[in-house]
Amino acid sequence: MLSVVIPSYNEEPMIPLTARTVAAVLDGAGIPFELLFVDDGSSDGTWAAIQAAASARPEVRGLRFSRNFGKEAAIFAGLEAARGQAVAVLDCDLQHPPEKLPEMYQLWQEGYQVVEGVKADRGAESGLHAAAARSFYALISRAMKLDLQDSSDYKLMDRAVVDALVAMPERGVFFRALSYWVGFRRAEVRYPVQPRAAGQSKWNARSLIRYAFANLSAFSSAPMQLVTWLGLLFCVFGLVLGVQTLVRLALGQAAEGFTTVILLILLSAGLILLSLGIIGFYIARIYDEIKGRPRSIVAERCGQETGEDPILH
Ligand code: UDP
Ligand code: MG
């Protein structure tokens, strides 16, 4: 069976459409499936729409978060609840074309354990957004020594991969990068990014910047090394200046310049504070992880829970 995990946040108009479209594609290809909608604490009628879809079709199940925990948490809760031998993750807005699912499933049957959906283009994104996204992926790709430039959350994974992902205790999960990190036999399927079918994007500039920093820090300690390099640079600078001052003193030339002193104090204070900020950011992340709170809280479930065996092989 193929489980399709669909994170949904304020997607009321999309739920019936997505359920119908995905079910039609999979029925058409003769693939047994379940659709797992994860309502990420929506404030509109998303949960009612999921309940309606679940009572209309036995294949539909739903989880509802107690509040908005974010897309990554929704994906992981879906992976935990999925019972299929293969699990796919798909956006609720049909930007990830479900028509590609049979092709991905086919590759899985051929023995590939992670089938990546790779963006053939970036869809209709504005220039600034696309540029920011490119630099974020360039940084994180370097940190991970992998090319994540055209990666997306559209993937199909084998049960072994899902079990490995779900077993990770970390709180600040970044699905796109973790699914690379785990390894396994991989294949790629290129897909054209579709325009959003209804509703609007849940991201704004602020949330995207926060997301970028959180994920970068989770995969790279390069900013901390930057602190070391800055310190080293400053030591060399200080040494040169110190020698110069001593030589001048020996030559009997009075050290000139109140300005130099002020500038040096300002510069070094700035660098120290910046470095403390970077280190503080990592300490905050450690604190977040060590508290060990769950990634999300499921408040309600709907749809048929098949009894005995939680995972149908
Ligand atoms: N989403 C979510 N929780 C959030 C934000 C988004 O589950 O806090 C879901 C959303 O319902 C959609 C997917 O993540 O299925 C992608 O969101 P969106 O289309 O807004 O992002 P974009 O495609 O613009 O990157
Ligand atoms: Mg979208």
Side-chain angles (χ1 to χ4, degrees), residues 4-22 35-50 53 60-82 87-98 100-101 117-134 136-137 140 148-155 171-177 179 191-212 214-215 295-300:
V4 184
V5 171
I6 311 175
S8 324
Y9 178 50
N10 292 346
E11 304 278 8
E12 184 178 0
M14 286 309 304
I15 303 287
L17 186 64
T18 305
R20 213 174 329 117
T21 316
V22 178
L35 301 185
L36 203 73
F37 285 97
V38 183
D39 176 2
D40 186 9
S42 303
S43 51
D44 64 355
T46 299
W47 181 242
I50 294 173
V60 176
R61 289 200 290 143
L63 301 181
R64 182 189 203 182
F65 282 178
S66 57
R67 65 169 172 86
N68 181 243
F69 281 95
K71 183 181 179 186
E72 305 291 329
I75 291 176
F76 272 78
L79 294 182
E80 271 165 37
V87 183
V89 176
L90 187 84
D91 272 6
C92 194
D93 53 9
L94 295 179
Q95 283 190 293
H96 298 156
K100 288 279 174 189
L101 280 174
V118 177
K119 291 176 190 160
D121 58 80
R122 291 199 68 91
E125 280 176 356
S126 73
L128 190 67
H129 183 127
R134 254 201 314 279
F136 166 65
Y137 284 112
I140 199 154
L148 290 180
Q149 201 57 257
D150 294 315
S151 67
S152 71
D153 288 336
Y154 190 16
K155 294 183 205 297
R171 239 183 64 90
V173 282
F174 184 32
F175 175 59
R176 207 169 292 187
S179 62
Y191 71 91
V193 178
Q194 306 295 316
R196 204 173 219 289
Q200 54 195 8
S201 176
K202 306 299 175 307
W203 300 94
N204 54 35
R206 219 175 120 218
S207 63
L208 276 175
I209 290 172
R210 205 178 320 121
Y211 182 77
N215 291 323
R295 283 186 284 255
S296 58
I297 297 169
V298 176
E300 265 178 273

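Basis for what follows: all heavy atoms, side chains included, without hydrogens, waters or symmetry-related copies. Counting starts at 1 for both ligands and their atoms, following the listed order.
Atom numbering of ligand 1 starts at 1 in the shown order; those under 4.0 Å from a heavy atom of Glu11 are 10 (C), 11 (O), 12 (C), 15 (O). Counting the atoms of ligand 1 from 1 in the order shown, those under 4.0 Å from a heavy atom of Asp40 are 2 (C), 3 (N), 4 (C), 7 (O), 8 (O). Those atoms of ligand 1 with a heavy atom of Pro7 less than 4.0 angstrom away are 7 (O), 9 (C), 10 (C), 11 (O), 12 (C), 15 (O).
Of the heavy atoms in Ser8, only backbone atoms (N, CA, C, O) come closer than 4.0 Å to ligand 1. Within the 4.0 Å heavy-atom criterion, neither part of Ile6 lies near ligand 1.
No donor-acceptor pair under 3.5 Å is formed between the side chain of Ser66 and the backbone N or O of Val298. At least one donor-acceptor pair under 3.5 Å links the side chain of Glu72 to the backbone N or O of Phe175.
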What do the steps show when you test Asp40 against Thr46 for side-chain contact (heavy atoms from CB on, under 4.5 Å), and what is the final call?
CA-CA 9 Å; Asp40 186 9; Thr46 299; over 6 Å; no

Under the side-chain contact (heavy atoms from CB on, under 4.5 Å) criterion, do Lys71 and Asp153 qualify, and how do the steps go?
CA-CA 10 Å; Lys71 183 181 179 186; Asp153 288 336; 3.0 Å; yes

Checking Phe65 against Asp39 for the side-chain contact (heavy atoms from CB on, under 4.5 Å) test, could you report, in this order, the C-alpha distance in whole Å, the side-chain angles of both residues, the deciding distance, and whether it holds?
CA-CA 6 Å; Phe65 282 178; Asp39 176 2; over 6 Å; no

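Within the protein, the N, O or S atoms lying under 2.8 Å from the Mg ion (ligand 2) are Asp93 OD2, Gln95 OE1.
Backbone and side-chain nitrogen or oxygen atoms of Ala74 are examined, and none is located within less than 3.5 angstrom of a nitrogen or oxygen of ligand 1. An N or O contact shorter than 3.5 Å is missing between Gly70 and ligand 1 by distance.
Ring planes of Tyr191 and His96: perpendicular class, angle over 60° (limits at 30 and 60°).
Residues satisfying the ring pair (Phe, Tyr, Trp, His ring centres under 6.0 Å) test with Tyr9, not counting sequence neighbours, are none.
Annotation: cation-pi pair Arg67/Phe69 present, NZ/CZ under 6.0 Å from the ring centroid and within 45° of its normal.
When all heavy atoms are compared, the tightest approach of Leu36 to Gly78 is CD2-O, 3.2 Å.
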